[in-house]
Number of protein chains: 4
Amino acid sequence: MTPIADCATEPSPWSPREAELLAATLQLLQENGYERLTVDAVAATAKASKATVYRRWPSKGELVLAAFIEGCRQAAVHPNTGSLREDLLALGEAITAHATKHSATVRAVMVEVSRDPALREAMQHQFLDQRKALIESVLRQAVGRGEIQAAAISDELWDLLPGYLIFRSVMPTRPPTMKTVQAFVDNVIIPSLTRPLA
Amino acid sequence: MTPIADCATEPSPWSPREAELLAATLQLLQENGYERLTVDAVAATAKASKATVYRRWPSKGELVLAAFIEGCRQAAVHPNTGSLREDLLALGEAITAHATKHSATVRAVMVEVSRDPALREAMQHQFLDQRKALIESVLRQAVGRGEIQAAAISDELWDLLPGYLIFRSVMPTRPPTMKTVQAFVDNVIIPSLTRPLA
Amino acid sequence: MTPIADCATEPSPWSPREAELLAATLQLLQENGYERLTVDAVAATAKASKATVYRRWPSKGELVLAAFIEGCRQAAVHPNTGSLREDLLALGEAITAHATKHSATVRAVMVEVSRDPALREAMQHQFLDQRKALIESVLRQAVGRGEIQAAAISDELWDLLPGYLIFRSVMPTRPPTMKTVQAFVDNVIIPSLTRPLA
Amino acid sequence: MTPIADCATEPSPWSPREAELLAATLQLLQENGYERLTVDAVAATAKASKATVYRRWPSKGELVLAAFIEGCRQAAVHPNTGSLREDLLALGEAITAHATKHSATVRAVMVEVSRDPALREAMQHQFLDQRKALIESVLRQAVGRGEIQAAAISDELWDLLPGYLIFRSVMPTRPPTMKTVQAFVDNVIIPSLTRPLA
DNA sequence: TCATAAGCGAGACGGTACGTCGTGTCTTACG
DNA sequence: CGTAAGACACGACGTACCGTCTCGCTTATGA
């Protein structure tokens, strides 16, 4: 079960200094959560000034979203194991690991994105589109291998795997585990993808 | 295996005055989101004073959680249609309607609950436990009717239906619709519950 | 130098319960100063309820003034030593002792009285008039004994002795002492009263 | 024995912005008294924000004391008429005018200074020391002119003139007038300073 | 002897100011 | 010119106190 990052991860659009600021943001989000994250603290941690931060990201929300997307970009995986089940497990585990580690960030992003259409836009184009493409590519490969039928691929429910796992990460009472991922893949996704179609 | 559809929803633990405050909170949350909700505005809307609010709920987070739970309690449904599919659809649609309407509140609750163990506790005992019991009762009824096997009921994934739908409500880019619910029930949950078991 | 309280001190106009409340007020004023005095604390100290306090004295200001006046009434002296100097020393020392002990109360009374004409009125009739009469009686006795001329008695400066001593009590940097009183009587008041008149 | 009448009043320690804030404070104190003065109103009057006020003066008490001291500094007089009586009248009238105009501030300062040792300290070094020096210089000039004996200068009663006049200003029932000052100087202070010494 | 009312304790309530903190804008001085 | 430092206006937070009020409980008389 070796995830293979052959897929060209597009390069970071950020200068080294900007990457530092985003990393500081991510770290502080992880430590303190969103509400206790202050732009002052981000600047101080990166030994920068608030103006430097605001010059790039005109609001706390944009900063946090940028940090989130950059964090996801860095942690991106492109499993290609030759088996649908293995691909899904790899993907699920990667998502679980990252979302659990950065659950505070995910919650913050949900809040901020819902408040600002521009952020929604950015989220869509800089993150969701890629993720959807990734999942569809995994499924199409499985179709190619004859594991599932093409008609089983749903546009409505393409985010089933990440959606449920992120829900679980974001609910602080029951963070997902590897057992969760396995049960979800074996008992939900595979049955759904291989169900008899009308 | 007693039907519970009409089971007495436990009574509100709040005095009329408190209910007013929670209703005002819920309404303002819906209108403005969590960050733009001010305790002053809650008090003003309910023609109360800030002190009156803080006497009950010592922080904005606790107020919002209480309002959320009370809102869920009032909107609670206990479907008992005699068919698993219909029960799940009814449940899913109720969850979707409520979560879509109150998505800002749900996001806020996720953030607040993750910050305070006491809120986590309250969330668990005053909300999640009931919801889990409700879903298990729906499934057990289906077992009683022979629609599914008892072994298909999973403790790990009991929140599959609400989890995914709430994820969709909370991601502002793709709110769930009735079509989403139907596809999810027919193509994911039912296949999962009726899959061949080892 | 024996101060003699032959002068009929008029009886307290307060019931025992009211006297308790005023005593509690006075004590708390002494301990905490005016700003940290709360009506709640007064009620609690006297094991009464706020309503009981407010029924008698409709505001914190009136309560404090009443407590002040009652305190002065209880500590009143009427020196009659047969010597002007001794009378003045006795009076000055009594004033000094009381005003030093209750300086916080005096400050509070000044503030409150200046804010409310009704309190000003009460202060005038229930306190200042008596005090003025007392001092004039001491001076008139001295006139009778031939110690000073009647013309030396000034209506403009009748409060010279209490005025300066209270000023000193109320300025927290230099509370008056017995030495202050003696110097003031010997070097200021007596020279003033026995100065050559035009 | 150098005349100090025209001595350079030490410059204001405040920036223009700070002076504005203190002026606003002083004006509002005069209009509303201390209790009805709000820091919000001070900030609003000076088109500043509360934080700006609190950055300089960490409490309402410190703000008010600073405003008082600055007000006194601006109104300071250094009489040098060549005659003790005239000097004292000038001083007394200046004190009376200022203390009458700002009686609410004086009362507030007494209360606040008595509550906080740091304020007491500030009051002592930034105000009382100067005032004592001023009076002693007036008296020493009179000694130089042979009007009074050096031994008549008392360290215990140096604040006789301001003390009584401020007492009168602060008691709202009998504010001092020019007649008061004249009577006090002629009938009390001069007799005291020119009394036969042992 | 009992009830009916007056006074009381307890304490919730609306209101208002406090002092704190974070955001996003701006200016100043350095490199 | 970009940056670090940090002041500033704004506005919400959570706390405290005032003066009003509504509850029951007691107690003290009048039927």
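Quick caveat, the model's predicted, so the values are computed rather than measured. Labels below follow one simple rule: chain letters A, B, ... track the order of the sequence lines, proteins then strands, and each chain is numbered from 1.
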Between C:A51 and D:T52, whichever has its closest DNA chain F nucleotide further toward 5' is D:T52
Go through the steps for A:R115 and A:S59 under the test side chain to side chain contact (heavy atoms under 4.5 Å, CB included), then give the verdict. CA-CA 12 Å; A:R115 285 172 32 153; A:S59 75; over 6 Å; no
How would you label the contact of A:L63 with the nucleic acid (heavy atoms, under 4.0 Å): base, sugar-phosphate, or nothing? nothing
Answer yes or no: does a side-chain N or O of D:K60 lie under 4.0 Å from OP1 or OP2 of E:dC18? yes
Of the options E:dC18, E:dT23, F:dC13, whose atoms approach the side-chain atoms of D:Y54 most closely? E:dC18
Length of the CD-C1' vector between C:E20 and E:dC8, whole Å: 13 Å
Identify the residue among B:K60, B:E112, B:Q126, B:M123 that makes a side-chain contact (heavy atoms from CB on, under 4.5 Å) with B:L65. B:M123
Among E:dC18, F:dA5, F:dC10, which nucleotide sits nearest the side chain of D:S49? F:dC10
B:R55 side chain near E:dG14 phosphate (N/O to OP1/OP2, under 4.0 Å): no
Here's a test of your reading of the structure: between A:S59 and B:K47, which maps to the more 5' nucleotide of DNA chain E? B:K47
Rounded distance (Å) that lies between atom C1' of F:dA7 and atom CD of D:E18: 12 Å
Nearest whole Å is fine: how far is F:dC8 P from D:L21 CG? 9 Å
So among D:V42, D:V39, D:V64, which one has a side-chain contact (heavy atoms from CB on, under 4.5 Å) with D:L28? D:V42
For B:S103 and B:R107, does a side-chain donor sit closer than 3.5 Å to a side-chain acceptor? yes
N/O (side chain, A:R56) to phosphate O (OP1/OP2, F:dT3) under 4.0 Å: yes
N or O in side chain of A:T38 less than 4.0 angstrom from E:dC21 OP1/OP2: no
Any side-chain N or O of D:R17 less than 4.0 Å from the OP1 or OP2 oxygen of E:dT27? no
Could you tell me whether the side chain of B:K50 has a donor or acceptor atom within less than 3.5 Å of a complementary atom in the base of F:dG14? yes
Let me know the distance between CH2 of C:W57 and C1' of F:dC18, rounded to the nearest Å. 17 Å
Nucleotide F:dC13, atom P - distance to CD of B:E112 in whole Å: 11 Å
Between A:D40 and D:A41, which residue's closest nucleotide on DNA chain E lies nearer the 5′ terminus? D:A41
May I have the distance from D:E62 (atom CD) to E:dC18 (atom P), rounded to whole angstrom? 15 Å
Base, sugar-phosphate, or nothing: which does B:A48 touch, judged by heavy atoms less than 4.0 Å apart? sugar-phosphate
Assess whether atom CZ of D:R36 is packed by more than 12 heavy atoms of other residues, nucleotides or ligands within 6.0 Å. no
In whole angstrom, what separates B:R36's CZ from E:dT23's C1'? 15 Å
